[in-house]
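Because the structure is a prediction, the values reported are computed rather than measured. Values below: every heavy atom of this structure, side chains too, minus hydrogens, waters and symmetry copies.
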Amino acid sequence: MDRIHHDTDLSGEGALDTARRAFTFLTTGPHPLALDGREFSGLPPRMVGLGEVRDRLLHRQCPLALRDRVWTHLVSRSRAEGGAWTVACAGVALPALTTIAARLSARFAADPADLHSAVLAGFLAGVAEINLDRPGIMNRLRWAAFRAGHAALREALDAPAPSTETPTRAPSGDRARAAEAGHPDFVLAGAVAAGVVTAQEAEVISATRLDGQPLRRVAAERGVSYEALKKQRARAEHRLADHLQHRGEPPIGPGLRSRSVTRRQADRGEEPGDAMSHSGFRTGVQR
């Protein structure tokens, strides 16, 4: 049953503000949405409000298996019932969505409302379509949200300037690249779009470099060996370094500065600590 009352005034707000307000109502009203913790190993054996669920999922020590079980439940309820449970999905994901929106609009001078709407729309499209049998559900939903927001940003930056005067700013393509420079999510999304890395490789880089998940855990969740995934990630990061160099763009971060060293490290499939000890190499994905 849709528990967002008609007297809840959400007008005049941005998409993410609306989602935040609706989620707050659902979690603090007279009958807050909750999960039965007895059905989820790792949650307290009681009814757990979604606000507390979100806090627990955000904790760095939360096992990914628990996150996936909770997200499978939330997405399944959203698909079956819609309404409040779709809002619940957006609310639990809101910290990630607001971070994505902030990154996208950081260097965008115009009203970011359309970007924020695109981020939320991309997330909700992912909720409707994502494969729940694969691990890392929230990470993949995060990428769906980012890709939608990124597409909206590129469209906005490539649009003609609304002025009849001689434009003084850089051409649209240069503006788009300038807005993206230094943002690891932008770089990864652009590399996927260019066919430099696959979406799966970008997910691994994002999960281990941006989100700080141990590579061994990610490998176990994907059913592949640690060594195989380590080498796959290293090769993808090497192609990413080549891609940036050939486009004449700066590295994502202080690393990726030596082609020969990068190639040797990619062949060895080194871990970040090992790479740093040899050459200061980093994927450039800065936390």
Undergrad: Hey, quick one: are L43 and M47 part of the same hydrophobic cluster, counting side-chain heavy atoms closer than 4.5 Å, chains of contacts allowed?
TA: no

Undergrad: For E201, which of R235, R233, R239 qualifies under side-chain hydrogen bond (donor to acceptor under 3.5 Å, both in side chains)?
TA: R239

Undergrad: Do any N or O atoms from the side chain of S78 and from the backbone of L74 form a donor-acceptor pair under 3.5 angstrom?
TA: no

Undergrad: In this structure, which one of T18, L50, T28 forms a side chain to side chain contact (heavy atoms under 4.5 Å, CB included) with F23?
TA: L50

Undergrad: Rounded to the nearest 0.5 Å, what's the gap from SG on C62 to CG on D55? Could you check?
TA: 11.5 Å

Undergrad: For R54 and L94: C-alpha separation, side-chain torsions, deciding distance, then whether side chain to side chain contact (heavy atoms under 4.5 Å, CB included) applies.
TA: CA-CA 9 Å; R54 180 172 70 182; L94 203 56; 3.9 Å; yes

Undergrad: Any carboxylate oxygen within less than 4.0 angstrom of a Lys/Arg side-chain nitrogen, looking at R56 and E52?
TA: yes

Undergrad: Which value, rounded to the nearest 0.5 Å, describes the distance between L229 atom CG and R216 atom CZ?
TA: 11.0 Å

Undergrad: Backbone N or O of A101 within a donor-acceptor pair of the S105 side chain at under 3.5 Å?
TA: yes

Undergrad: What closest approach, in Å, do A236 and V197 show between heavy atoms, and which atom pair accounts for it?
TA: O-CG1, 3.6 Å

Undergrad: Sequence neighbours left out, what passes side chain to side chain contact (heavy atoms under 4.5 Å, CB included) with R140? Give chain and number order.
TA: I130, N131, R134, I137, E203

Undergrad: Tell me, do L97 and L16 make a side-chain contact under 4.5 Å, heavy atoms counted?
TA: yes

Undergrad: Among L104, L141, V119, whose side chain to side chain contact (heavy atoms under 4.5 Å, CB included) with F146 holds?
TA: L104

Undergrad: Which heavy atom of R67 sits nearest a heavy atom of L57, and at what distance?
TA: NE-O, 2.9 Å

Undergrad: Is it the case that T98 and R20 place a side-chain donor and acceptor less than 3.5 Å from each other?
TA: no

Undergrad: Side-chain contact test, heavy atoms from C-beta onward, threshold under 4.5 Å: evaluate it for L35 versus F40 and give yes or no.
TA: yes

Undergrad: Below 4.5 Å, heavy atoms only, C-beta onward: do V75 and R79 meet side chain to side chain?
TA: yes

Undergrad: Knowing that exactly one of V92, L132, N139, L66 qualifies, which makes a side chain to side chain contact (heavy atoms under 4.5 Å, CB included) with W71?
TA: V92

Undergrad: How close do A118 and A148 get, counting heavy atoms only, and between which atoms?
TA: O-CB, 3.3 Å

Undergrad: State the CG-CG distance between D114 and L153, to the nearest 0.5 angstrom.
TA: 11.5 Å

Undergrad: Under 4.5 Å between side-chain heavy atoms, hopping through other hydrophobics if needed: is there a path connecting L64 to V218?
TA: no

Undergrad: For I100 and A145, which heavy atoms make the closest approach, and how far apart are they?
TA: CD1-CB, 4.1 Å

Undergrad: Do K230 and E227 come within less than 4.5 Å of each other through their side chains, counting heavy atoms only?
TA: yes

Undergrad: Can you tell me how far CD of Q245 sits from CG of L240, rounded to the nearest 0.5 angstrom?
TA: 12.0 Å

